[in-house]
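For reference, the structure is listed below as structure tokens.
Whatever order the structure lists ligands and atoms in, that order sets their numbers, starting from 1.
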Amino acid sequence: MPRYYTWNASSKNFQRRKQGDAVPGYPDVRSTDALGRMYTVHPKNNECFYLRLLLVNVRGPTSFESLRTVNGVIFPTYRAACEELKLLENDSHWDTTIAEAIISASPSQIRTLFAIIISTCFPSNPCNLWHKYKDNMSEDILHQIRVSSRNHDIEMNEEIHNRALLLIEDMCYLMCGNLLIRLGMPAPYREMNDAFNRELEREREYDHQELDLVVQTNVPLLNYQQKEVYDTLMKAIDDENGGLYFLDAPGGTGKTFLMSLVLATVRARFNIAVAVASSGIAATLLEGCRTAHSAFKLPLNLQTIEEPTCNIAKHSAMAKVLAVSKIIIWDECTMAHKRALEALNRTLKDLRNDSRCFGGAMILLSGDFRQILPVIPRSTAADEINAYLKSSNLWRHVKKLQLTTNMRVTLLNDTSAEDFSEQLLTIGNGQVPVDESSGLISFPNNFCNFVSSKDELINNVFPEIISNYKNYEWMSERAILAAKNKDVDDLNYIIQNKIIGTMHSFKSIDCVTNEDEATNYPIEFLNSLDVPGLPPHNLRLKVGSVVIMLRNINQPKLCNGTRLVVRKLMNNVIYATIMIGKFKGEEVLIPRIPMISTDMPFASDRDPIDRPGGRGEDDRFVISLEVEKRRFIALLTACLEVLSHQRLGREILSDKGFMGTNYGGRPFPKRKRNVVNPNKGLIGEWASSYSEYKTSYCGRKLVITDAKAYCEAIIGAGSKVGVYYWG
Ligand SMILES: Nc1ncnc2c1ncn2[C@@H]1O[C@H](COP(=O)(O)OP(=O)(O)OP(=O)(O)O)[C@@H](O)[C@H]1O
């Protein structure tokens with residue numbers, strides 16, 4: 001429109017341009033290269049909002065009617081057309097999700113899908129869904145009853161539905177810690193089966209004979225070091241004096257083997273042993289293991305709380321479990337924030353009414369500090385060091401146990417594997433010389449096969465992918481890791497194109513949860529953001545694509561890091577087969593899931609999966625972007641990082657009212673250079689003169705590397721500030 005027309009403010013209409021280039025064939029028409037900008041519309045302005053949504057999503061519409069036409073059907077309203085195009089979230093979505101699933105899924109798969117939906121997706125009327133599909137979710141129970149009673153005339157009844165509800169409630173309790181009644185569902189009738197004691201029962205319902213057999217078979221296999229550690233731990237458990245132990249062992253030395261054996265020994269004696277891990281994927285390696293955050297109900301914002309505690313009520317089932325457990329094992333603890341361990345310490349003291357360290361409980365930490373330290377977004381190396389376990393006051397109580405013999409190498413008897421493991425240890429121990437000018441290290445020549453291009457890398461890792469991609473065993477053995485999301489996207493794109501089949505596109509539905517902010521954040525802007533921890537707005541998948549879950553939705557089966565291969569793609573559900581771990585080969589259904597990013601001031605909903613390469617293909621569903629005023633500094637950081645268009649950045653900031661050439665009334669400092677905040681390191685380079693900052697910074701996207709620290713350094717923490725965005 002602006003190309004051919006200008007707005008006449010006095011007559012309030014558009015008029016043809018009088019200036020500009022002549023348009024061949026139209027003597028009176030002139031055009032310019034002006035770009036049009038659509039007004040943002042508040043969602044309450046219903047049809048206008050949906051019309052705008054269609055305008056930014058439908059390509060090449062020729063009329064308003066063609067905008068409302070989807071797959072040849074003309075819809076009566078813009079809203080209906082948006083719904084058909086899956087641009088809007090609505091409650092019927094969950095209905096269609098289950099309707100799609102029941103075509104080919106088993107009743108137990110449908111129950112799991114239903115439990116995931118009501119635990120994580122918050123449908124407004126879960127009861128209706130239950131009543132509509134309860135028969136589909138109970139068919140296997142009816143079948144079992146018919147077989148066991150040898151009576152095929154038994155019909156579906158309340159008792160059978162109740163059994164299905166009990167199974168769903170158990171799953172929901174593990175997924176989100178809530179009973180069905182709290183999720184808007186009818187409460188199942190439990191006789192002796194008190195829901196409160198479920199947690200305790202779960203920790204006790206192991207096959208003790210099987211565990212005994214594991215212990216008898218594996219204890220004689222332990223090598224000398226492992227046996228020594230095993231005996232020390234078992235003696236400490238028997239003495240019941242508690243203690244904090246750290247099993248320091250590099251990869252392959254048999255940590256998992258040993259810890260599994262300790263867990264089996266304690267559980268075989270009808271005692272409780274709690275196993276947790278810092279990451280979902282590590283949790284899949286130990287029997288009955290969960291993530292530490294979920295089991296201990298740790299706060300998510302550990303970085304900002306000085307003295308956190310676990311969110312476990314003293315009379316809850318989990319409190320009982322922790323109070324009577326003989327040992328608590330925490331795998332990959334080296335990735336945990338020190339405050340997580342401190343929170344556990346405080347909570348255990350309280351729950352066990354014991355002022356000793358960890359309330360006198362026996363804690364076994366395991367991990368390898370050569371591997372990944374706690375990940376703290378937008379932090380410096382110093383922040384990570386400050387957050388890791390060794391900098392906690394509790395560390396002085398640690399009794400160290402060590403394993404050094406690499407069992408993988410010993411068992412394989414492979415000298416090249418031995419060399420590789422030694423090289424890894426040398427790097428991990430910091431013994432490889434660092435190049436002083438670049439701060440980088442060089443790999444030894446025989447460290448690995450070096451390649452010169454992405455194509456060569458792909459061909460080496462995925463040779464003959466066209467004929468091999470259906471072989472899940474082959475696919476599960478290989479992956480390419482990349483440090484940057486952009487590289488992951490590029491690699492995924494190339495690899496997916498090599499797979500035969502139709503590419504399906506799953507687009508997220510992004511919105512601001514606070515409707516008042518809706519006009520400040522147009523949907524196309526939200527779509528353009530690439531938020532850490534969330535899948536891309538347009539997730540493209542093929543049957544055969546390898547994906548990685550980004551969220552723990554059904555631990556330990558479906559957790560952050562689980563690799564799956566896509567078997568079937570439907571509009572609302574993905575059928576996938578688990579490729580690794582204890583549940584390898586199991587088929588699962590993954591619905592679209594609302595996701596809210598805690599990493600940024602955005603709340604975003606997307607499906608949690610990742611493509612071959614590393615980051616994880618999620619099909620994201622709804623991104624609700626929540627911007628809180630008190631977190632606007634973080635938003636600024638986000639804007640500075642993600643906006644590639646200066647004008648857009650400038651407008652957003654000015655729309656919010658934090659635009660200006662000074663900060664909180666103070667003039668912009670011009671004289672300092674390389675300002676260093678003692679806590680944050682270098683936070684930005686300041687110009688020495690007005691003309692220098694005008695010329696050298698003009699048009700740069702990332703003048704400020706850490707907006708929060710920057711603002712705090714200038715006018716103090718917590719102050720209201722505005723950051724001028726030069727453009
Ligand atoms: N004593 C043992 N007897 C037989 N096999 C063993 C023994 N110890 C370890 N293994 C085997 O060696 C391999 C490596 O052990 P494990 O996975 O427990 O090591 P890890 O220290 O946990 O390694 P990572 O840190 O890489 O996960 C496994 O296949 C395990 O079954």
Side-chain angles (χ1 to χ4, degrees), residues 210-211 213-234 245-267 273 275-292 327-336 364-374 388-389 400-429 447-448 473 476-479 481 548 556 559-563 579-584:
E210 201 180 296
L211 291 177
L213 192 66
V214 170
V215 176
Q216 279 166 27
T217 323
N218 286 353
V219 170
L221 294 181
L222 295 174
N223 66 29
Y224 176 72
Q225 268 182 338
Q226 289 173 332
K227 183 74 174 55
E228 220 175 50
V229 172
Y230 176 79
D231 289 341
T232 312
L233 291 173
M234 292 319 298
Y245 291 83
F246 174 60
L247 181 57
D248 179 19
T253 47
K255 286 188 293 294
T256 314
F257 187 83
L258 184 64
M259 286 187 300
S260 301
L261 195 54
V262 173
L263 287 171
T265 315
V266 176
R267 287 168 180 164
V276 300
S278 297
S279 69
I281 203 70
T284 59
L285 299 177
L286 294 173
E287 188 70 38
C289 188
R290 280 184 284 166
T291 57
I327 183 168
I328 299 172
I329 294 185
W330 191 329
D331 194 12
E332 303 287 10
C333 71
T334 43
M335 281 174 67
L364 172 63
L365 307 173
S366 133
D368 181 2
F369 284 105
R370 295 168 200 87
Q371 297 175 13
I372 301 175
L373 295 183
Y388 89 145
L389 290 188
K400 210 161 142 190
L401 306 166
Q402 239 177 344
L403 297 178
T404 51
T405 312
N406 191 318
M407 290 306 286
R408 273 198 199 107
V409 173
T410 312
L411 295 172
L412 287 174
N413 213 4
D414 176 351
T415 48
S416 68
E418 191 173 350
D419 289 346
F420 184 65
S421 102
E422 269 167 26
Q423 283 171 336
L424 279 183
L425 276 178
T426 323
I427 294 171
N429 290 335
F447 184 67
C448 56
E473 197 63 43
S476 69
E477 287 168 352
R478 54 207 72 225
L481 303 180
I548 294 179
C559 52
N560 187 350
T562 305
R563 285 177 79 196
M579 289 174 81
I580 49 159
K582 250 187 6 223
F583 302 95
K584 186 172 174 173

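- Checking Tyr230 against Thr265 by side-chain atom types alone, a donor-acceptor pair falls below 3.5 Å.
- Residue Met234 holds its CE atom at 10.5 Å from NZ of Lys227, rounded to the nearest 0.5 Å.
- For the pair Gln225 (side chain) and Thr404 (backbone), a donor-acceptor distance under 3.5 Å is present.
- Within ligand 1, counting atoms from 1 as listed, the ones closer than 4.0 Å to a heavy atom of Gly251 are 23 (O), 24 (P), 25 (O), 26 (O).
- Rounded to the nearest 0.5 angstrom, Thr284 OG1 and Lys584 NZ are separated by 12.5 Å.
- Taking a cut-off of under 4.0 Å to the non-hydrogen atoms of Leu221, the atoms of ligand 1 that pass are 1 (N), 2 (C), 3 (N).
- Using a 4.0 Å cut-off between heavy atoms, Thr256 contacts ligand 1 through both its backbone and its side chain.
- Of the candidates Gln226, Arg408, Met259, Met407, it is Arg408 that places a heavy atom closest to atom 26 (O) of ligand 1.
- Annotation: Gly252 places an N or O atom under 3.5 Å from an N or O atom of ligand 1; distance criterion only.
- Under a 3.5 Å cut-off, the side chain of Gln226 and the backbone N or O of Thr253 do form a donor-acceptor pair.
- Side chain of Arg267 to main chain of Ala273: a donor-acceptor pair is present (N/O by atom type, distance under 3.5 Å, no hydrogens or angles).
- Lys255 NZ, 2.9 Å is the protein heavy atom nearest to atom 25 (O) of ligand 1.
- When hydrogens are left out, the protein atom nearest atom 31 (O) of ligand 1 is Phe257 CD1, 3.7 Å; that is the closest non-hydrogen contact.
- How far CG of Asn223 is from CD of Glu228: 10.0 Å, rounded to the nearest 0.5 Å.
- With a 4.0 Å cut-off on non-hydrogen atoms, Asn218 does not touch ligand 1 at all.
- Within the 4.0 angstrom cut-off, atom 28 (C) of ligand 1 has no protein heavy-atom neighbours.
- Against a heavy-atom cut-off of under 4.0 Å, Leu411 is close to the following atoms of ligand 1: 5 (N), 6 (C), 10 (N), 11 (C), 12 (O).
- Between Gly254 and ligand 1, at least one pair of N/O atoms sits closer than 3.5 Å.
- No more than 12 heavy atoms of other residues, nucleotides or ligands shown are found within 6.0 angstrom of CD on Glu210.
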